There are 2 protein chains.
Amino acid sequence: MKILKNQTLDQLLEQVDRQTDQQANQPEVESTVAGIISNVIKNGDDALREYSKKFDKVELTDLRVPQSDIDAAYKNADQDLIDALNLAKNNIISYHKKEIQNGFVDAEQPGVVRGEKITPLAAVGLYVPGGTAAYPSSILMNVIPAKLAGVSKIVMVTPPQKDGIGQAVLTAAKIAGIDEVYQVGGAQAIAALAYGTESIPRVDKITGPGNIFVAVAKKQVFGQVDIDMIAGPSEIGVIADDSANPREVAADLLSQAEHDKLARPMMVTPSEKFAEAVSDQIDEQLKTLPRKEIAGASVQNKGFIAVTDTLDEAFTVMNAISPEHLEIELEDAMQYLNQIKNAGSVFLGFNASEPVGDYVAGPNHILPTGGTARFFSPLGVSDFVKRIQFVTYSKAALKKEEKAITTLARVEGLEAHARAVESRFKD
Amino acid sequence: MKILKNQTLDQLLEQVDRQTDQQANQPEVESTVAGIISNVIKNGDDALREYSKKFDKVELTDLRVPQSDIDAAYKNADQDLIDALNLAKNNIISYHKKEIQNGFVDAEQPGVVRGEKITPLAAVGLYVPGGTAAYPSSILMNVIPAKLAGVSKIVMVTPPQKDGIGQAVLTAAKIAGIDEVYQVGGAQAIAALAYGTESIPRVDKITGPGNIFVAVAKKQVFGQVDIDMIAGPSEIGVIADDSANPREVAADLLSQAEHDKLARPMMVTPSEKFAEAVSDQIDEQLKTLPRKEIAGASVQNKGFIAVTDTLDEAFTVMNAISPEHLEIELEDAMQYLNQIKNAGSVFLGFNASEPVGDYVAGPNHILPTGGTARFFSPLGVSDFVKRIQFVTYSKAALKKEEKAITTLARVEGLEAHARAVESRFKD
């Protein structure tokens, strides 16, 4: 892997500064997607069937996957898979339960009650990609926070497959507790969830990853519904020194590299010796990886190891990167929590290998990418609720604030605002 | 105001169902804005000066408003304005303090620590419109939650004016505690905040309303930075019965109608008699309003009163509308809190006139519009933080979950994920 060494901190920072070019507009995709969305709004299920035939080469009568198929997949699933999904489910529940917010009420001023009511979204749609990117684990990561938030209607859409929806996906849907699954994919599925069709209910928020058409469709319907985020290629950042094991660190870097040729495996270390040891281990381990072509391209084109003068500088560089996943492979790793300013999910210490978070630890694995951890958060319970503010005033309490209200209203040129309050004191 | 009566619930619901047509694409604006953003990325401050000259007819050397101008505005401000802004500030602080989240740590399983760290965004940009839409109250509503969240850098941008930035705006900036104010507006200001220029720092999130160019620019830079929301015209929904005072309700409806010809004043009531009384009062009160042309157009084209058979149906209709502001003009209004499913900010009872929330009550007045209260929340402290997940594992704890991780990894075809965990047990 490329090693950036003998550089100043500023030089390193300049190299890692992202232009987030994955956001670049693709006008052709934009207009194709806009056309698909209009067609689904106009023609509903007929449009969905037409696109399934055209894009997925599958002719459908019923869009909905029968409950009996879901039940059968679960019944036939390998017990190890069921046990693993249940372990993951329990840990995801116990973690996300702690994210539940309660709102508040405030009665500190005479005659005034103010508060905030946390209300679940009524309906949520989950997009599950087809083919090799259909991850059962992601279904749990999407559905469990929504259920804990109190969302009562959760529907799943996934592209139709010639030989039926993947068994592991249906098993995960069963364990997650989704009972409405529709076979429809691409931009047309996003349009259906955003606007509703005869078969598919309109939802309030769409979550889950997808290809470029799905991503562009999500961005186009944003505002009509809420969306989770536009996910880019997977990333792992590692901060390590000589106390870490190069074999383990290399294995962790490769675990994200195997996702995608555009995935970014990144390490920052104050030790040039450790940098070289990890680089050697990556070359070695790549040889026997089934997905070595993908992982190799990721390492070659997107990966790097930056060598800094000090550990503090390593944190500065990593915070500028703002990685999706961050491993702290240092002794007493927890003590560095304060120095971490930007990251989606952090893995502290030598045994917190990143895949533990992909599957069973409990924190969400749907995370901000492309440097957006500067401002976005992991998917969580708060994504599936909204806050509703409320206030009530006694007449005496309103009187006390009348002058401030009418003063501000008139400074802003909004006379009707002032009169609305004054109308309470006209009798 | 138009009265919808003698209709079934379904007929009413159909009429209020929004197609949120304000989201409609405007390709010309989109491409103009895209061009402005590219130019600002490329030419920085020079591009900003060029646009100020072209669009605002102001030639600038320094983009930053000198601290002495801000101090002078405050010093010369009317004491009533300062008192009103300070009252508002204190109430906004005391309300939003209660929104502050603390994250959590969980050590329920041996050898495993999991948690969530709440971290403020590093830098936030606030857009304040020019001209008559420059509301000092909105500066407090934007800045105070950001400060409470712990954001250390807050910068404000506002279009240059031939005779300098408005004194009330600068006074509010002083009281809110902003010291970085730049005179730049439109899409170019949004681009500057998203990408940074020589003078203007790059921020992590942009909040605040603006015209169509600002709104489109915010949508285009979304992902490069976070944004608050795309605000549409103001809305007020009132649920009332004969126990309410038609004069007061009419005054409240007009307070939002005066904002914009496209503002939506809406009432739902089970009483036809009350509907007519409010409609009469609106006609009467309109006559003497300074902004009667705007308010009248809003009432005429966008306003309506829907008459339902029952109060329960009134709530059903209003939840379908999902108004930005909602007044419950009923006796014992607080008891209806459970029936409110979709609204930005709720005003309960006869004295909670909506303008109390615009100015002094303390809840935020930057609220979801256009039916987006179905899934969006008022601006709050949580908009200015991100959650960072973390986890640490002992070797023994990892061993216990090894099988589940490797099972799931292999079902998903991700061998390197399995090997990363197994590499911990190779010595």
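So that the names make sense, note that chain A is the first sequence line, chain B the second, and so on, each numbered from 1. Since this is a predicted model, take the numbers as computed values, not measurements.
- Neither the backbone nor the side chain of Val112(B) has a heavy atom closer than 4.5 Å to any heavy atom of chain A.
- The CD atom of Gln389(B) sits 6.0 Å away from the NE2 atom of His96(A) when rounded to the nearest 0.5 Å.
- Arg387(A) is listed as a side-chain neighbour of Ser382(B), based on a closest heavy-atom distance under 4.5 Å.
- Side-chain contact between Leu81(B) and Leu408(A) is present, with at least one heavy-atom pair separated by less than 4.5 Å.
- Between Tyr359(B) and Val421(A), every side-chain heavy-atom pair lies at or beyond the 4.5 Å cut-off.
- For Leu337(A), the parts lying near chain B are the backbone and the side chain together; criterion is any non-hydrogen pair under 4.5 Å.
- Val356(B) touches chain A through backbone and side chain together, each having a heavy atom under 4.5 Å away.
- For chain B, no part of Val124(A) is nearby; none of its heavy atoms comes within less than 4.5 Å.
- Taking chain A as the reference chain and counting heavy-atom pairs below 4.5 Å, the highest number among Lys117(B), Met229(B), Glu415(B), Glu248(B) is found for Glu248(B).
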Show your working on side chain to side chain contact (heavy atoms under 4.5 Å, CB included) between Asn245(A) and Arg424(B) and close with a plain yes or no. CA-CA 9 Å; Asn245(A) 181 326; Arg424(B) 265 64 182 185; over 6 Å; no
Can you list the steps and then say if Ser94(B) with Glu108(A) is a side-chain hydrogen bond (donor to acceptor under 3.5 Å, both in side chains)? CA-CA 9 Å; Ser94(B) 65; Glu108(A) 284 169 12; 5.3 Å; no
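- Residues passing the side-chain contact (heavy atoms from CB on, under 4.5 Å) test with Ile294(A) are Lys261(A), Arg291(A), sequence neighbours excluded.
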Please walk me through it: do Asn351(A) and Lys399(B) pass side chain to side chain contact (heavy atoms under 4.5 Å, CB included)? CA-CA 9 Å; Asn351(A) 298 299; Lys399(B) 186 74 200 166; over 6 Å; no
For side chain to side chain contact (heavy atoms under 4.5 Å, CB included), just list the numbers for Lys395(B) and Phe350(A), CA-CA rounded to whole Å, side-chain angles, deciding distance to a tenth of an Å, and then say yes or no. CA-CA 8 Å; Lys395(B) 200 157 183 168; Phe350(A) 304 130; over 6 Å; no
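- Residues Asp226(A) and Arg374(B) fail the side-chain proximity criterion, which asks for heavy atoms closer than 4.5 Å.
- Contacts of Glu99(B) with chain A are made by both backbone and side-chain atoms, with heavy-atom separations under 4.5 Å.
- For the residue pair Gly223(B) and Thr372(A), the shortest heavy atom distance occurs at O-CG2, 3.3 Å.
- When each of Lys292(A), Lys205(A), Lys426(A) is checked for heavy-atom pairs under 4.5 Å with chain B, Lys426(A) comes out on top.
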Worked verdict on Leu87(A) versus Lys403(B) for side chain to side chain contact (heavy atoms under 4.5 Å, CB included): CA-CA 10 Å; Leu87(A) 174 70; Lys403(B) 190 183 171 192; over 6 Å; no
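- With a threshold of 4.5 angstrom between heavy atoms, Thr407(B) approaches chain A through side-chain atoms but not through N, CA, C or O.
- Atom CG of Leu254(B) is separated from atom NE2 of His417(A) by 11.0 Å, given to the nearest 0.5 angstrom.
- Taking OG from Ser353(B) and CD from Glu422(A), the interatomic distance works out to 10.5 Å, rounded to the nearest 0.5 Å.
- Atom-to-atom distance recorded for Phe390(B):CZ and Ile340(A):CD1 is 9.0 Å, nearest 0.5 angstrom.
- We find the NZ-CZ distance between Lys386(B) and Phe376(A) to be 12.0 Å, quoted to the nearest 0.5 Å.
- The main-chain N or O of Ala361(A) is found under 3.5 Å from a side-chain atom of Arg114(B) such that the two form a donor-acceptor pair.
- Glu412(A) is not listed as a side-chain neighbour of Asp358(B), based on a closest heavy-atom distance of 4.5 Å or more.
- Using a 4.5 Å cut-off between heavy atoms, Gln109(A) touches chain B through its side chain atoms alone.
- Counting only heavy atoms from C-beta outward, the side chains of Lys341(A) and Ile388(B) never approach each other to under 4.5 Å.
- Within the 4.5 Å cutoff, the side chain of Lys98(B) has no heavy atoms near those of the Val105(A) side chain.
- Under the side-chain contact (heavy atoms from CB on, under 4.5 Å) criterion, Asp83(B) pairs with Gln79(B), not counting sequence neighbours.
- Using bins of under 30°, 30° to 60° and over 60° for the plane-to-plane angle, the ring pair Phe222(B)/Phe222(A) lands in the parallel bin.
- Considering CZ of Arg410(A) and CG of Asp80(B), their distance stands at 12.0 Å, rounded to 0.5 Å.
- Using a 4.5 Å heavy-atom cutoff, the side chains of Glu258(B) and Arg419(A) are not in contact.
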